[in-house]
Enquirer: 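Attaching a single structure in structure tokens format; questions to follow.
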Amino acid sequence: MYWGLRSENHRGHQSHGFLTYYEEKFHVYKNLDLVPKLRSSALQEWFGRLPGNVGLGNVRYTTSGKCDDKSLLEGTQPVTASANGLKLALSFNGNIVNTAQLRKEIEPNFPSFAYDCDSDLICRKLLLELKKSRDLTSAVSTCMQSIDGAFSVAGITGNGDLFAFKDPYGIKPLCAGHGPDGATYVFSSETVSLDMNGFVRDFELEPGELVKVSENGFERQQIIRNPRKAFCAFEYAYFARPDSRFDGKYVYEIREDFGRNIVREYPEIAKDAELILSVPETGDDSAMGVHEESGLRWERASRRHRYVTERAFILLNDERFSTIDRKVNILGSKVNGKRVIVTEDSIVRGDTTKVIIEKLRRAGAKKVYMFVTFPRIIGPCFYGIDMSTYGQLIGSRHEADEIAKIIGADAVCYQSIEGLVNATGLTRDQLCLACITGKYPTPLAQKMADRMKTKFLNGYQEKGRIYEAEEASPDAD
Ligand code: SF4
């Protein structure tokens, strides 16, 4: 569990948590920041703290709740809930959209409940349903039908039984695998943590599927069959590690194809450029594709500080600017006087890209063309990526040429949506493309997004994450 979680620390660096089940009790350890290094002298202490042979782990970055240290720690998963002798522990990846409605339903049943984040809501909702039906399958089925949002969940019942399930659209990844002993079973967001442990990947959970683990292995149940799937396209471009596999293909290979696509889509610019530079590290993967397709030299002239591990995208506003400036260094003489293609995974706010371009200009770059693999982000995400307002997205109010001017590039060349979809090997109906098309797979998210977009375009300033603030706002209608 430790190495699995550590290899997925890129999915959340603000806090981490471990939970084990032993002698009918949950044992929990939670802390802020990255999963810590383990000193061999402290191993016994860890084993004492977390006894048992079944457990859950989670790394988190906030897409719901507050971001001060106290709230971060309170919102750290795995979470637990208990009522009437029943209890449950749960770790989840995703984001709930109908938070307000669930809070109304749950609060009267848990008098001491104070909302910290959506993982608490989903845990308590599942426990309530379990209390009613005394049957995990039926409780999960009700949750799948009544929760709007993305949820890939792993949990442990009060009897110590491990289970996992995915929302009916399968927005966030979750795979199952087994260990070399043939008797250890695991669920994980990405395959990389299975690889790190020498485990074998067995399958990706289907949208709407519940999987229980027993001594006989996995027991799979398709609870809801949904013809529309919606796997997050941003996982391919940015979020997942390149050495993870979705549908048997490394994310790295798909990113290479993204790079090839952009060269084909912007041949004149590729012809004018003299060399390729990548924004380390997610731009590295597509740079190889750009290099192969264009024949241009890929110069490793932007270097990243290996031990500044924060991901600029998921940092809080005030931390982001200075971190990116200190994290990436440019080898000046390599770019001086050159026309440069810079590969980048995405432009969200535009501020990190702007810093890189400024650095390149200072180093003497004559032209800077941005090749961006994720198409222009025009709308917020409701499903677990913290780009949750229109106001923070440069692409929500500017076209590519305007963005180029703002960030100081000579051109911003986004990969087309078609190119991205084809490279994944999936169809439009199998992907979530909501933040780049404005078409949300779940109904409440669509309603909220449309309503807020109209207000935003009329000059309204959003007060916070749409799914947390808008419903409650008196200005909502
Ligand atoms: S809206 Fe964008 S970031 Fe969010 S789940 Fe969909 S594709 Fe991923």
Side-chain angles (χ1 to χ4, degrees), residues 10-12 61-64 92-99 118 147-153 166-174 189-190 204 207 226 228-241 244 246-247 251 254-255 258 282 311-314 344-349 372-396 414-450 452-453 456 462 465-468 470:
H10 61 285
R11 298 189 74 85
Y61 92 101
T62 41
T63 58
S64 72
F92 114 110
N93 177 212
N95 197 61
I96 308 300
V97 183
N98 56 339
T99 314
D118 52 3
I147 299 176
D148 186 305
F151 43 97
S152 281
V153 174
K166 244 189 201 183
D167 66 79
Y169 293 89
I171 297 172
K172 289 282 138 188
L174 188 63
S189 291
E190 293 184 32
E204 178 74 22
N226 186 358
R228 170 74 166 102
K229 297 178 177 139
F231 185 76
C232 170
F234 201 50
E235 290 279 346
Y236 291 106
Y238 171 80
F239 215 67
R241 261 177 65 154
S244 280
F246 295 133
D247 290 320
V251 170
I254 291 163
R255 287 181 187 161
F258 288 171
T282 42
R311 292 185 100 178
F313 170 70
I314 60 180
E344 170 69 295
D345 55 79
S346 57
I347 298 179
V348 179
R349 300 163 183 86
V372 189
T373 56
F374 200 59
R376 182 163 64 97
I377 300 172
I378 60 167
C381 175
F382 287 76
Y383 306 121
I385 302 289
D386 199 14
M387 39 192 196
S388 48
T389 61
Y390 284 96
Q392 75 191 103
L393 303 171
I394 193 168
S396 71
Y414 287 107
Q415 184 185 194
S416 66
I417 296 175
E418 229 36 65
L420 173 128
V421 171
N422 291 339
T424 65
L426 300 176
T427 63
R428 272 184 178 245
D429 275 356
Q430 294 173 315
L431 286 164
C432 175
L433 303 164
C435 54
I436 50 178
T437 60
K439 294 192 171 56
Y440 291 80
T442 67
L444 185 60
Q446 186 70 60
K447 203 170 144 201
M448 284 178 163
D450 289 347
M452 185 53 83
K453 189 174 177 188
F456 175 73
E462 295 143 298
R465 298 181 186 113
I466 299 174
Y467 43 86
E468 286 187 326
E470 200 224 359

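Atoms within each ligand, like the ligands themselves, are counted from 1 in listed order.
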Enquirer: For Arg428, what residues pass the side-chain hydrogen bond (donor to acceptor under 3.5 Å, both in side chains) criterion, not counting sequence neighbours?
Expert: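 Arg428 satisfies side-chain hydrogen bond (donor to acceptor under 3.5 Å, both in side chains) with Glu418 only.
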
Enquirer: Fit a plane to each ring of Phe239 and His10, take the angle between them on a 0 to 90° scale, and name the class: parallel (under 30°), tilted (30 to 60°) or perpendicular (over 60°).
Expert: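 If you compare the ring of Phe239 with that of His10, the planes turn out tilted.
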
Enquirer: So is Glu235 touching ligand 1 or not, going by heavy atoms under 4.0 Å?
Expert: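 No, Glu235 has no heavy atom closer than 4.0 Å to ligand 1.
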
Enquirer: Which heavy atom of Gly395 sits nearest to which heavy atom of Ile378, and what is that distance?
Expert: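 In terms of heavy atoms, the two residues are closest at O-CG2, 3.6 Å.
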
Enquirer: Is any side-chain N of the basic residue among Glu190 and Lys172 closer than 4.0 Å to the acidic one's carboxylate O?
Expert: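 Between Lys172 and Glu190 there is no salt bridge, as every charged N stays at least 4.0 Å from the carboxylate O atoms.
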
Enquirer: For Asp345 and Thr373, does a side-chain donor sit closer than 3.5 Å to a side-chain acceptor?
Expert: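 Looking only at side-chain atoms, Thr373 and Asp345 do not form any donor-acceptor pair under 3.5 Å.
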
Enquirer: Heavy-atom contacts with Met387 under 4.0 Å: which atoms of ligand 1 show up? List them by number with element.
Expert: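 Once the distances to Met387 are compared, the set is 3 (S).
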
Enquirer: Please indicate how many protein N/O/S atoms are found closer than 2.8 Å to atom 6 (Fe) of ligand 1, with waters neither displayed nor included.
Expert: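 Every protein N, O or S atom under 2.8 Å from atom 6 (Fe) of ligand 1 counted, the figure is 1.
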
Enquirer: If I compare all heavy atoms of Tyr414 with all of Arg376, which pair ends up nearest, and what's the gap?
Expert: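 So the minimum-distance heavy-atom pair works out to CD2-N, 3.5 Å.
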
Enquirer: Can you tell me how the ring of Tyr236 sits relative to the ring of Phe231, calling it parallel under 30°, perpendicular over 60° and tilted otherwise?
Expert: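 It falls in the perpendicular class, over 60°.
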
